[in-house]
Amino acid sequence: MRFKILGPLLVEDEGEELHLGGSLQRVVMAMLLLEANRVVPLERMIEAAWGENPPGTARNQVQIRISQLRRVLRDTATPYQTLITRPPGYLVKVGPGRLDLAEFDELVARAGGEQPVQAARTLRAALALWRGPALSDVDSDLIRPVVHDLEERRLLAHEQCLELELGLGRHLQLVGELRRLTQAHPLRERMHQHLMLALYRSGRQAEALDAYRAYREMLLDTLGLEPGDELRRLELAVLNQDSELDGPAPLVRPVPVPRQLPPMISTLSGRDEEMVRVAGMLTGEPAPGPLPVAAIVGRAGVGKTELAVHAAHELAAHYPDGQLYVDLRGGQNDPADVLSMFLRALGTGTIPRSAEERGALFRSTVAGRRLLVLLDNAGSFEQVWPLLPGGAPCGVLVTCRERPVGLTEHWVVRLEVLDDTGALTLLTGDVGEARAAAEPAALRRLAVQCGGMPLALRIAGARLARRPHWTVETLVGMLSDSRTMLDVLSHGDLEVRASLEVSYRGLSARARTLLRRIGLTDSPQMTGWLAGALLDADATAALDELADASLLTRRGDRHVIHDLVRAFAGERALVEETGDQRLAALDRACSVFFHLSERAHERFYGGHFTLLRGKGGSAPATPAQADEIIGADPLAWLDGERATLLALVRQSAAHGLDELCWSIAMTAITLFETHGYFDEWRAVSELALRACRESGNIRGEGAMVYSLSSLAVFQQRYGEAHPMLTRALELFDQVGETHGRALALRNMAMVERMRGESEAARGRYEQALPLLRAVGDRAAEAHALVNLGVIHLERGSLDEGGPMLEEALSIFRMEGVPRGEAQALNSIGRLALLRGENQRALSAFEAAAVIVRGVRDRIGEAYVLQGIAEARIALGQAEEAKGTLSSALDLAERLGERLIAGRIRLNLGLLMMEDGDRAAADHLEEAYALFEEIGAEPWRAKAAAALARTR
């Protein structure tokens, strides 16, 4: 685990960025990291989050965020290893080299005891850790002064580094950097002093004096002050050309001095960090030594050449003996011909005939000179090797799609697509500030559609610039169709498709096949098991090759693929694969996913329970092999594969694989209902329903109608659920589907119970029970028993309901169904409340809370928290109950779970009514409205009775 606060707050685990959540969690995490390995009092966190006026639930909310952060940090097993509770608060345990701030401080301290050359390098390494202003995405009045202090430490280190480098005679290459720093920090006098000295030592006396006068005028205009004594003395020394200001003498430049760099015709956006890294690699000492080489690696269209040209121009002063440039065209140019060009540019009269002699003469000619060689669009290492000078002080800048063999990662800058800010800056520069300001949301969508790829962004910007009558939204709409987006992203000689074609043709046959089939799935992510299914073979090497070519991006144990690459891959699949090949690959991918998701459901529930099973192809792996893929947490695995799930449902529906389509959609309900992914639940069920209807698959149609009815029940849309269930029962009866009929009867009972028809509901459950027992669905049987038991509790028949609840709990435990166990415990807690056994009730609810949090059942947690609050009310702990109810309400409303939200508001209203709080009526009216909206008649009646007492 690596923690980064020198820039936006970032936590990474083996290269994977962990999503910390909302603003409150980020404030808590930032406070802990600023005091890493030290206890941060809870009150201090509350002050950081809310200032001087925290809400009454502040302590509880911070505790909730601590629990959420533990899940994010994968620190869920007690005793906790990373985020530790230690009175009076918490601490985050961070090992050596795991926090960028600690690493920065260590490097700065180390530089203080080193010789100037090494100290300057160490300070540059420290400064490279900064990715922008510290904690720039964390908003807290308490943290802000700490951030200012960190920025001051950064600037002091930077000034110290510049002073060392000026003392080492690096004034030529520091001028540009110092100009940027004085503009960014105009009041830091030491920066202006360094700039004047660098300009003077570079033979630019007049500019040094201009820099002083500009600073003095600014200072007088803004603060009415004169520069300090030290700066005034420096001005006088510059005027007098004082010999004490002289630095190391510059080297004598040979003649001729080639200046072959291509012109910079555009502004570079979003590459500041990469520019610093390239400069750091190439600005070594002038003494002979190993040859400094920087290789900019990335896929076609990602902006390698643009970065290299800008970097070369920026470093030109560091290489006063010239700059050589050649486009190697991906290996097409013969090194011998390139050497001939270089030698002529260096003034060599007679060019040897053999490549070996040309190489030797080239190395002799440039030996001892400060000369930069830019080898653009290089192919193999064999092409690059003959063109390299013999060593420092020359430098070499290479751009290529893959890292040259023999060059260590230390000398490589891997160029990824631009981040959001860089992409927007580039687009804004092309379309103009006014147009960008008029449609900021559309411009952001356009940047996303272009995937941060500079080539795509340039083309999009050029198209808009050429068509002032277009809105940005016009182009966004044109790019929304994956079938034509590559046609849209072409302009003159520039074409994204051609750029991707270059990378594609450089792949092995197997990697090209895999890329095509990835496009066939239309999934934005790819894992090893899915790639293996698409190839019908081990795909590890092919995946690595695609990642090395930057056509896929590694994210932990997954690879992501952008829409543009996916569209290109889909095009190649249609052109280069037969219809049978495409269908077979998709069938394999869907079959593997179905069996894996079914196995995930089986492990989560302890068996094939509550699930109408489809017939999705033959099993591709043994349970043990499937378990190895799924890992320790089946629901977390399924959640991680959600994008793949949605893509495969879409593609199986589009290709007539109706049985696989509905089978996958059905297994996904486990995930959807647990995490509250209701929109995705509806989308996949409706897609699969259409596919089954078109193919005449009656059982699949019934299964998807039943699935949609379950969604309606979960969302408390009971009026919509009833006709769906009637239709599902009809379809299941047509094909003699016993299990589906039993599950539909169970749903029908839930609907009737919410409508106040408890006797009808009881009859449905009693019809469903023998059917569920006949098909061996023990979990669904136990669910029915829980609900039957609750009906008896509501009727006051505690002695009849109690044994049903205990039997259900026993079944859930025997079959290993944790969510079901929590539901049974929740109902047993309510039975204990009705019997006046309040402490026993609280124990049951708290046991259920442990379970739902362990399986991340957020909806279940809201219900359990409400039960805990009711038990605390019964025990006379009203204030604690209010805090619990507030947390439960926040959770329920975030999930859109209206029934439990209404029940919580009913509890709050009744509590406040007892205290004489006027806000009680507001909660009761909201509860009444929610119950009426969803048609929960028994609860509406309770809210109405409570409201009557307030009037």
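These figures come from a predicted structure and were not determined experimentally. Computed from heavy atoms alone, side chains included, the values below leave out hydrogens, waters and symmetry copies.
Counted by atom type alone, T540 and D538 present one or more donor-acceptor pairs between their side chains at under 3.5 Å. A donor and an acceptor atom, one from each side chain of T670 and R819, are nowhere located under 3.5 Å apart. If you check the side chains of R588 and S591, you find no donor sitting under 3.5 Å from an acceptor. A donor-acceptor contact closer than 3.5 angstrom links the side chains of Q823 and H783. Side-chain contact annotation: S652 with W662, donor-acceptor N/O pair under 3.5 Å absent. Counting only N and O atoms by type, the side chains of N747 and S710 include a donor and acceptor under 3.5 Å apart.
Residues H739 and F732 keep their aromatic ring centres 6.0 Å or farther apart.
Between the side chain of E737 and the backbone N or O of G740, at least one donor-acceptor pair lies under 3.5 Å. Checked by atom type and distance alone, the side chain of Q25 pairs as donor or acceptor with a backbone atom of L20 at under 3.5 Å. With R26 contributing its side chain and L9 its backbone, the two residues share a donor-acceptor pair below 3.5 Å. Put simply, the side chain of E807 never gets that close to the backbone of A782: no donor and acceptor are under 3.5 Å apart. For the pair H19 (side chain) and G21 (backbone), a donor-acceptor distance under 3.5 Å is absent. Under a 3.5 Å cut-off, the side chain of R898 and the backbone N or O of Q715 do form a donor-acceptor pair. Formation of a donor-acceptor pair under 3.5 Å by the D75 side chain with backbone atoms of L83 is found in this model. A distance-only check finds a donor-acceptor pair linking the side chain of Q651 to the backbone of L520 [under 3.5 Å]. Checking side-chain atoms of H559 against main-chain N and O of L552 turns up no donor-acceptor pair under 3.5 Å.
The cationic atom of R98 (NZ for Lys, CZ for Arg) does not lie both less than 6.0 Å from the six-membered ring centre of F3 and within 45° of the ring axis.
Between E694 and R690, no side-chain nitrogen of the basic residue sits less than 4.0 Å from a carboxylate oxygen of the acidic one, so the salt-bridge criterion is not met. A salt bridge does not link R582 to E577: none of the charged nitrogens lies less than 4.0 Å from a carboxylate oxygen. At a threshold of 4.0 Å, the pair R2-E12 does not count as salt-bridged, since none of the basic side-chain nitrogens sits closer than that to a carboxylate oxygen. Contact check on E821 versus R813 returns a salt bridge, with a Lys/Arg side-chain nitrogen under 4.0 Å from an Asp/Glu carboxylate oxygen. R554 has no carboxylate O lying under 4.0 Å from a charged side-chain N of E16, or vice versa, which leaves the two without a salt bridge.
The shortest side-chain heavy-atom distance between S597 and L638 falls under the 4.5 Å cut-off.
A pairwise comparison of heavy atoms in A636 and R856 identifies CB-NH2, 3.0 Å as the closest pair. A pairwise comparison of heavy atoms in V592 and A533 identifies CG2-CB, 3.7 Å as the closest pair. Pairing each heavy atom of I84 with each of R70, the nearest pair is C-NH2, 3.9 Å.
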Worksheet entry | Evaluation steps, side chain to side chain contact (heavy atoms under 4.5 Å, CB included), between L645 and F593 | CA-CA 8 Å; L645 184 159; F593 185 81; 3.6 Å; yes
Q) Would E861 and R858 satisfy salt bridge (charged side-chain N to carboxylate O under 4.0 Å, His left out), going step by step from the backbone distance to the final call? A) CA-CA 5 Å; E861 185 176 358; R858 298 181 297 169; over 6 Å; no
Notebook entry, point to check: T521 and R517: side chain to side chain contact (heavy atoms under 4.5 Å, CB included), yes or no, with the steps?
Noted result: CA-CA 6 Å; T521 67; R517 292 177 182 176; 5.9 Å; no
inquiry  = Before you tell me yes or no, could you show the steps for E686 and R682 under salt bridge (charged side-chain N to carboxylate O under 4.0 Å, His left out), namely the whole-Å CA-CA distance, both residues' side-chain angles and the distance that decides it to 0.1 Å?
reply    = CA-CA 6 Å; E686 289 179 345; R682 177 184 296 278; 3.5 Å; yes
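The distance from atom OG1 of T738 to atom CZ of R741, rounded to the nearest 0.5 Å, is 9.0 Å. Here M526 contributes atom CE and I518 contributes atom CD1; the two are 4.5 Å apart, rounded to the nearest 0.5 Å. Rounded to the nearest 0.5 Å, atoms CG (L583) and CD (Q581) are 11.5 Å apart. Summarising the geometry, atom CG belonging to D633 is positioned 8.5 Å from atom CZ belonging to R603; distances are rounded to the nearest 0.5 Å. Put simply, CG on L708 and CH2 on W681 are 9.0 Å apart, with the number rounded to the nearest 0.5 Å. The distance from the CD atom of E659 to the CG atom of D587 is 11.5 Å, given to the nearest 0.5 Å.
Using bins of under 30°, 30° to 60° and over 60° for the plane-to-plane angle, the ring pair W637/W529 lands in the tilted bin. Classification of the H675-Y677 ring pair by plane angle, with boundaries at 30° and 60°, yields perpendicular.
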